[in-house]
Amino acid sequence: AFIKGMFQSALEVAKFEGASIRTVSNIRGQIKKALRSSEGAFRAAFEDKILLSDIVFLRTWFTVDLPRYYNPVTTLLLAGSKQDWKGMRTVGQMRWESGVKAPVEADSTYTPVERKAKVFQPFRVPASLQKQLPFKTKPKDWVERSKKTSVLHKRAIRPRGRML
């Protein structure tokens with residue numbers, strides 16, 4: 001499959017050659033090569049045929065180095081003994097002690113996903129293939145025959161008293 005719009009340049013595609021990709025319908029694939037035709041487009045191989053409407057995901061991880069911060073408490077904030085000292089409480093500990101539940105925002109709750117049912121094109125056998133099929137297995141065009149005009153509609157002169 002040829003995929004475009006995921007990367008900005010052929011250099012970015014080259015960085016991710018061989019990486020695993022996955023579609024929304026859970027079809028696994030792999031990035032193969034960058035295309036010369038357009039910037040950022042690439043060729044990918046999938047385990048199954050993907051649809052044009054499928055969204056392709058590339059899962060990546062990036063290491064982030066956090067600066068280390070160390071601030072020792074030398075005074076222990078009390079003049080008394082070390083055993084009486086307590087550190088700062090977290091928000092969760094304070095809520096638990098006071099019996100207050102965490103606030104729930106309406107946009108953070110899970111809602112059922114409603115998707116439109118896909119409408120597929122009707123099955124059509126090409127005329128060249130129909131000629132090769134035996135008569136028994138040829139598709140019957142009953143719908144087209146019923147739509148054809150009757151003999152009465154084809155007449156140029158209509159008998160009296162007959163209105164269509």
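Computed over heavy atoms, backbone and side chain alike; hydrogens, waters and symmetry mates excluded.
Looking at K15 and S9, their side chains never come closer than 4.5 Å, going by heavy atoms from C-beta outward. Inter-residue side-chain proximity for F7 and L58 is flagged as met; some heavy-atom pair is nearer than 4.5 Å. Taking the side chain as every heavy atom from C-beta outward, E17 and K33 approach each other to under 4.5 Å.
Checked against ring pair (Phe, Tyr, Trp, His ring centres under 6.0 Å), F57 has no partners two or more places apart in sequence or in another chain.
Here I55 contributes atom CD1 and M6 contributes atom CE; the two are 10.0 Å apart, rounded to the nearest 0.5 Å. Note: L129 CG to R124 CZ = 10.5 Å, rounded to the nearest 0.5 Å. How far CD of Q30 is from CZ of R22: 13.0 Å, rounded to the nearest 0.5 Å. Here the straight-line distance linking atom NZ of K32 with atom CD1 of I3 works out to 12.5 Å at 0.5 Å rounding. Going from atom CZ of R28 over to atom OG1 of T23 covers 11.0 Å, rounded to the nearest 0.5 Å. Going from atom CG of L51 over to atom OG of S25 covers 6.5 Å, rounded to the nearest 0.5 Å.
By the criterion of side-chain heavy atoms lying less than 4.5 angstrom apart, applied directly or through intervening Ile, Leu, Val, Met, Phe, Trp or Tyr residues, Y69 is not grouped with V64; the two fall into different hydrophobic clusters. Hydrophobic clustering of Ile, Leu, Val, Met, Phe, Trp and Tyr side chains at less than 4.5 Å, counting indirect connections, unites I27 with I21. V13 and V56 fall within a single hydrophobic cluster, where Ile, Leu, Val, Met, Phe, Trp and Tyr side chains are chained together by heavy-atom contacts under 4.5 Å.
Across every non-hydrogen atom of E39 and A10, the tightest pair is OE1-N, 3.4 Å. Closest non-hydrogen pair, F46 versus G29, comes out as CD2-CA, 3.7 Å. Here the closest non-hydrogen pair linking R95 and A102 is NH1-CB, 3.9 Å.
The number of heavy atoms from other shown groups lying within 6.0 Å of NZ (K4) does not exceed 12. More than 12 non-hydrogen atoms from other residues, nucleotides or ligands lie less than 6.0 angstrom from CD of Q93.
Ring centers of F42 and F16: at least 6.0 Å apart, outside the cut-off.
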